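Indexing begins at 1, ligand by ligand and atom by atom, following the structure's order. Treat the numbers as computed from the prediction; the structure is a model and nothing was measured.
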Amino acid sequence: MLTFFKLALSAAFAAAIGVSSHAQSPEPATADAIRPAQGVTLINGYSQHWWKEAVVYQIYPRSFQDSNGDGIGDLNGITRRLDYLKSLGVDVIWLSPHFDSPNADNGYDIRDYRKVMTEFGIMADFDRMLAGIKKRHMRLIIDLVVNHTSDEHKWFEESRKSRTNPYRDYYIWRDGKPNPNAPNGFDPPNNYTSFFSGSAWQWDETTRQFYLHLFAVKQPDLNWENPKVRQEVYSLMRFWLDKGVDGFRMDVIPLISKPTGLPDLTPGQDAVKLWANGPRRDEFLQEMNREVLAKYDDMSVGEAIGIDLAGTDNLVGEDRHELSQIFNFDAARIGSMGGYNYRPLHLPELKAVYTAHATVLGKQDWDTSFLGNHDMSRVVSRWGDTSTPGLRAMSAKLLQTMVLTLRGTAYLYQGDELGMTNYPWTKVSEFNDIEVQNRFKTEVAQGKLTEQQLIAGAAAYGRDNARTPMQWDTTRNAGFTTGNHTWEPVNPNYLQINAADQVKDPDSVYHYNQKVIALRRSDPAFIYGDYQDLDPTNEQVFLYTRSIGASSYLVILNFSSQPIDYTLPQGIQAKDLKLGNYRDSSDPAGATTLHLRPREARIYKN
Ligand code: TEU
Ligand code: CA
């Protein structure tokens, strides 16, 4: 990557694609043009940064590779698979939480931020893994979970001891509302409900007050109003950055500034939007940037639930000095009606989101491209056709084409490079996820949902689908472990879908990902290029361009499982076919009508 751009920046090349390094003629000042800091290169008006050009691979360590036979993935397992990732072509690894945790929420409940989770190994394992990543010229970002801690973190254990404990104000404690009929004689301070069902307040008998937990009872929210808390966070961030970590994925980071006075939600009020737009959020993120992030060559990506497109520049605008980028969920979670209820994918609606991003976000902003993570079911099962092995593979390749050619830093979730699918869940006890189990204990128990409805919803959209063990080969337990047990069930289709077979098969989803990543790396148009949807109302075909000046690529995706004779709009020709998920194409170069096969994806240089 770096070598390419060093090359690319040779004056001739720069001129050819309209790159302006500060030395050359300054760009005409347009509204969204940025004034590059000293020594920053502009490409198509965007400041160049390694984290904009990166393909990030997310690892959920508990499910990636076990190295000691206990059926739980670990850091030595990751180190063993670094060559696999290097060959795939990814630049950055995002490691979901690896810190000491009682695993109420699989690591997103941290007990000690400077200690490796016992099941995952020891610090020496972490150091060796990081060294292996660097040796292969890749980078590592880790998960910063500081909206809340585990209730077993020593800060909270101190905090709950007494109302005058020096750590009391590290968390959010409030008196209850007197109610003689209520358990303990008090109702919760307000009507906030937790993301994981039930009240967001937990009574604590020792000090007879409630503490706030927007997630699980074992995930008490930190009080960021307390400057000591913020300094604790900045100190642990420096601890990992000084070890050589290259940045952070920041868990629900917009939620750190709570609404003043914590009044009840009004009927119909969007709680997540309220919690994500607190009065001091930007002040805290600017302080974090000033005191930590700006001092390292790092990247920061915020998991921005509750933030809409209009609010994105506030968090990622270069002149805001907060985060490098955020995950908006408007595309990946399109059609969500809350819980496990989703409307079927409507392609024009999805395409409108990408066009809105390209229109609303300016050159001082940066975007992210992703369709899966550890909180979502498998994308090929959600948006692809898995009715036959052929259609599943073509669907997986099509969706990866999309992720790797849309605007923004691209994120792959472990297993999506193989086209891994959802698991065939049949009973509640099979699900590990606290979100499912809490729904069973509350909504099903209260009759709001039947057990069958919960199973059906969680089977289709539940997070456990992303957390079944990585499918490495056809040996027992898919090569994930040499042990007899795995913490989540292995998908029985590992005999058909596994890395070993795909690495050997040049036509596999794995090798197709390699090719798309290499193509993406071959031309800055795929990174810094402008985006245009050429057929926004088409219900089956997604047709868009990425271009910088004369260098333009045409991406065509047939989202239906039917063949389509597709006439390109405005007499556009499909010129030089660079890559397709079908081995060959019968359409001649320059064709204006294309014979698209089911779930076909093509990339043309135009
Ligand atoms: O997720 C926040 C979030 O968006 C999810 O809780 C989401 O609302 C839910 O999963 C929908 O199914 C982050 C982490 O990514 C998640 O794994 C943690 O459980 C959560 O925060 C708490 O740390
Ligand atoms: Ca293990």
Side-chain angles (χ1 to χ4, degrees), residues 58 60-80 94 96-99 101 103-110 116-122 125 143-150 193-197 200 213-222 249-256 271-272 275-276 301-307 326-330 332-333 336-342 370 372-377 382 411 413 431-439 457-458 460-467 469-470 477 480-483 485-487:
Q58 181 190 358
Y60 193 73
R62 207 172 180 79
S63 306
F64 193 64
Q65 177 71 73
D66 176 22
S67 68
N68 63 350
D70 64 357
I72 297 174
D74 49 53
L75 300 185
N76 289 342
I78 296 173
T79 303
R80 182 180 140 197
W94 155 23
S96 271
H98 64 284
F99 313 93
S101 167
N103 285 305
D105 186 19
N106 295 338
Y108 282 91
D109 51 314
I110 298 173
V116 170
M117 185 191 293
T118 310
E119 290 135 310
F120 291 171
I122 58 175
D125 299 330
D143 221 305
L144 185 71
V145 186
V146 290
N147 172 71
H148 45 266
T149 69
S150 164
T193 57
S194 159
F195 280 93
F196 295 153
S197 307
H213 61 89
L214 292 182
F215 292 89
V217 168
K218 286 183 70 61
Q219 290 170 301
D221 282 54
L222 281 168
R249 176 269 186 188
M250 300 186 180
D251 193 59
V252 289
I253 200 69
L255 307 189
I256 58 179
V272 182
W275 296 334
V301 53
E303 185 211 18
I305 55 172
I307 301 293
I326 62 170
F327 297 127
N328 297 87
F329 291 90
D330 46 2
R333 283 207 179 126
S336 171
M337 300 184 287
Y340 298 132
N341 309 310
Y342 283 76
F370 70 102
N373 62 29
H374 62 293
D375 288 335
M376 302 169 74
S377 61
R382 267 181 289 127
Y411 289 78
Y413 180 67
F431 293 97
N432 163 277
D433 183 8
I434 186 173
E435 191 170 22
V436 177
Q437 297 305 332
N438 278 10
R439 281 218 167 110
Y461 295 103
R463 310 191 299 176
D464 287 291
N465 286 299
R467 301 170 183 190
M470 184 68 176
N477 293 317
F480 168 73
T481 181
T482 53
H485 160 75
T486 57
W487 77 278

Might you work through the side chain to side chain donor-acceptor pair (under 3.5 Å) test for Asn106 and Asn432, ending with a clear yes or no?
CA-CA 9 Å; Asn106 295 338; Asn432 163 277; 3.2 Å; yes
To check your reading of the model: name the closest protein heavy atom to atom 19 (O) of ligand 1, its residue, and the distance in Å.
Asp105 OD2, 2.5 Å
Students should be able to answer this: which protein heavy-atom is nearest to atom 12 (O) of ligand 1, and at what distance?
Glu435 OE1, 3.1 Å
Candidate pair Asn438 and Ser197, rule side chain to side chain donor-acceptor pair (under 3.5 Å), full reasoning:
CA-CA 6 Å; Asn438 278 10; Ser197 307; 5.8 Å; no
Donor-acceptor pair, side chain of Asp66 and main chain of Asn68, under 3.5 angstrom
yes
So which heavy atom in the protein is nearest atom 8 (O) of ligand 1, and how far is it from that ligand atom?
Phe195 CD2, 3.8 Å
Do Asn373 and Glu303 have side-chain atoms, one donor and one acceptor, less than 3.5 Å apart?
no
How far apart are the C-alpha atoms of Val145 and Gln219, what are their side-chain angles, what is the distance that settles it, and do they pass the side-chain contact (heavy atoms from CB on, under 4.5 Å) test?
CA-CA 10 Å; Val145 186; Gln219 290 170 301; 5.9 Å; no
Would you kindly check if the NZ (Lys) or CZ (Arg) of Arg439 is within the cone defined by 45 degrees around the ring axis of Tyr340 and under 6.0 Å from the six-membered ring centre?
yes
Asp70 N/O/S atom closer than 3.0 Å to the Ca ion (ligand 2):
yes
Among protein heavy atoms, which sits nearest to atom 15 (O) of ligand 1, and what does the distance come to when rounded to 0.1 Å?
Asp375 OD2, 2.4 Å
Which N, O or S atom name in Asp66 marks its closest approach to the Ca ion (ligand 2)?
OD1
Any N, O or S atom of Asn68 closer than 3.0 Å to the Ca ion (ligand 2)
yes
Among the N, O or S atoms of Asp74, which one sits nearest to the Ca ion (ligand 2)?
OD2
With a cut-off of 3.0 Å, does Gly69 place any N/O/S atom under that distance from the Ca ion (ligand 2)?
no
Can you report which non-hydrogen protein atom sits closest to atom 7 (C) of ligand 1, along with the distance?
Arg333 NH2, 3.8 Å
Before accepting this row, confirm whether a basic side-chain N of the pair Lys218/Asp109 lies closer than 4.0 Å to the acidic partner's carboxylate O.
no
Under 4.0 Å from any heavy atom of His374, which atoms of ligand 1 are there?
14 (C), 15 (O), 16 (C), 17 (O)
Give me the nearest non-hydrogen protein atom to atom 6 (O) of ligand 1 as residue plus atom name, then the distance to 0.1 Å.
Phe215 CE2, 3.5 Å
Mutual orientation of the aromatic rings belonging to His148 and Phe215 [parallel < 30°, tilted 30-60°, perpendicular > 60°]:
tilted
Could you check whether Tyr108 and Ser101, counting side-chain N and O atoms only, form a donor-acceptor pair closer than 3.5 Å?
no
Which residue holds the protein heavy atom closest to atom 2 (C) of ligand 1, what is that atom called, and what is the gap in Å?
Glu303 OE2, 3.2 Å
His148: numbered ligand 1 atoms lying under 4.0 Å from its heavy atoms:
22 (C), 23 (O)
Short list, please: which atoms of ligand 1 are under 4.0 Å from a heavy atom of Phe196?
19 (O)
Inter-residue atom distance Ile256.CD1 - Leu222.CG, 0.5 Å rounding:
10.0 Å
Looking only at protein heavy atoms, identify the closest one to atom 23 (O) of ligand 1 and say how far it is in Å.
Asp251 OD2, 2.7 Å
